[in-house]
Amino acid sequence: MIVTVQQHILQQQEDLFPAARGSFSSLLSGMTLATKMIQAKIRRAGLVDIVGSAGDINVQGETQQKLDVYANQALLHCLGTRESVAILVSEENEQPVTIDRSDTGKYVVVFDPLDGSSNIDVNVSVGTIFSILRRPDQVHGEAAVMQPGWKQVAAGYVVYGSSSIFVYTAGQGVFGFTLDPDIGAFVLSYPNLKMPECGTYYSVNEANADTFPHNYRAYLQSLRSDGYSSRYIGSLVADFHRTLLKGGVFLYPPTQKKPEGKLRLLYEANPLAFLAEQAGGLAIDGHRRILDIVPTAIHQRTPLIIGSRSEVTRFQQLTAQS
Ligand code: P6P
């Protein structure tokens, strides 16, 4: 018989108290509902007036695509109605959205509603990324968000590609669910995802290579010398999903334009790092474990090297020698 995300949570979370299982499963129901709504719009992109820029500029200074706006609103609505949610943080909102539930709200949900959205117009896979933290007792607002990644209780993404796949971890392994359009449910399709110990691909935007720090350039040269192939989609969720399934390494190094890296710690690097480690891989910022970084700002950026144990360890060894 099929296993949906909600059923999986109830089956897998033995170590959660029954009450937590219910509220947690309800929270993930909000996530799966919102991502099904987003998928339905993406699937019709080009057929309705939903593709192209909404004309506004978001807090990141990026032109908001209409689907960005829709995806953000869908997530804020579907998660905001869940009793267990206290605070929502979105890439599209400068400030956290605090739901006035100071007593019942147990969780903080941080998300990138539609990562890679600039690729929508050319039909390249895009994704939604999320991270779930427990709100510490007596802590409210932004202070409740500033937690290191190792405190995440769950994390995941949906990659909207040839099929839509919901991938999540709650600290007991990584599981993938494929959306079955006939029944409108995400159905378990990857019962226990493990990242290959090593791969054959590296994934980086080579256009920035001249401004990468020396150790990154030496590392990439060593991979090329060992016959690795380059794969770069330019959509983080798609590039990570391939790395999770096939192994290898994805990097977004510091560059001249973005010396702290481009990707965001809270709603890109942290959730993917949690998934990578749960699948047997590693994720670092070039010096330390991504999950150990204590955030100082909601939208802070970080360099990211994430992938199979073999390739990330090789980076650490080469950097130690340089
Ligand atoms: P670049 C998409 O805009 C995004 O945020 C990620 O999805 C992707 O990995 C990265 O930026 C691509 O950035 O500088 O290589 O175009």
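Residue numbers run from 1 in the order of the sequence given. One-based numbering, in listed order, for ligands and for the atoms of each. Computed from heavy atoms alone, side chains included, the values below leave out hydrogens, waters and symmetry copies.
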Which ILVMFWY residues are connected to Y201, directly or by a chain of links, through side-chain heavy atoms under 4.5 Å apart?
-> none
Identify the residue among Y202, Y232, F240 that makes a side chain to side chain contact (heavy atoms under 4.5 Å, CB included) with F250.
->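 Of the listed options, the one satisfying the test is Y232.
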Contacts satisfying salt bridge (Lys or Arg N to Asp or Glu O under 4.0 Å) that involve residues 277-300 (not counting sequence neighbours) are E277-R289, D285-R288, R289-D292
Using a cut-off of under 3.5 Å, which N/O atoms of ligand 1 pair up with protein N/O atoms, and what distance separates each pair?
unit_1	atom_1	unit_2	atom_2	d
ligand 1	7 (O)	D115	OD1	3.4
ligand 1	7 (O)	D115	OD2	2.5
ligand 1	7 (O)	L236	N	2.8
ligand 1	9 (O)	L236	N	3.4
ligand 1	11 (O)	K262	NZ	3.0
ligand 1	13 (O)	K262	NZ	3.0
ligand 1	14 (O)	Y252	OH	2.6
ligand 1	15 (O)	N205	ND2	2.9
ligand 1	15 (O)	Y232	OH	2.5

Return yes if a side-chain donor-acceptor contact under 3.5 Å exists between T178 and S189, otherwise no.
->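 A pair is found: one side chain offers a donor N or O, the other an acceptor, under 3.5 Å apart.
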Hey, is CD on E94 packed in by over 12 heavy atoms from elsewhere, all under 6.0 Å?
-> yes
Who are the side chain to side chain donor-acceptor pair (under 3.5 Å) partners of Y216, not counting sequence neighbours?
-> none
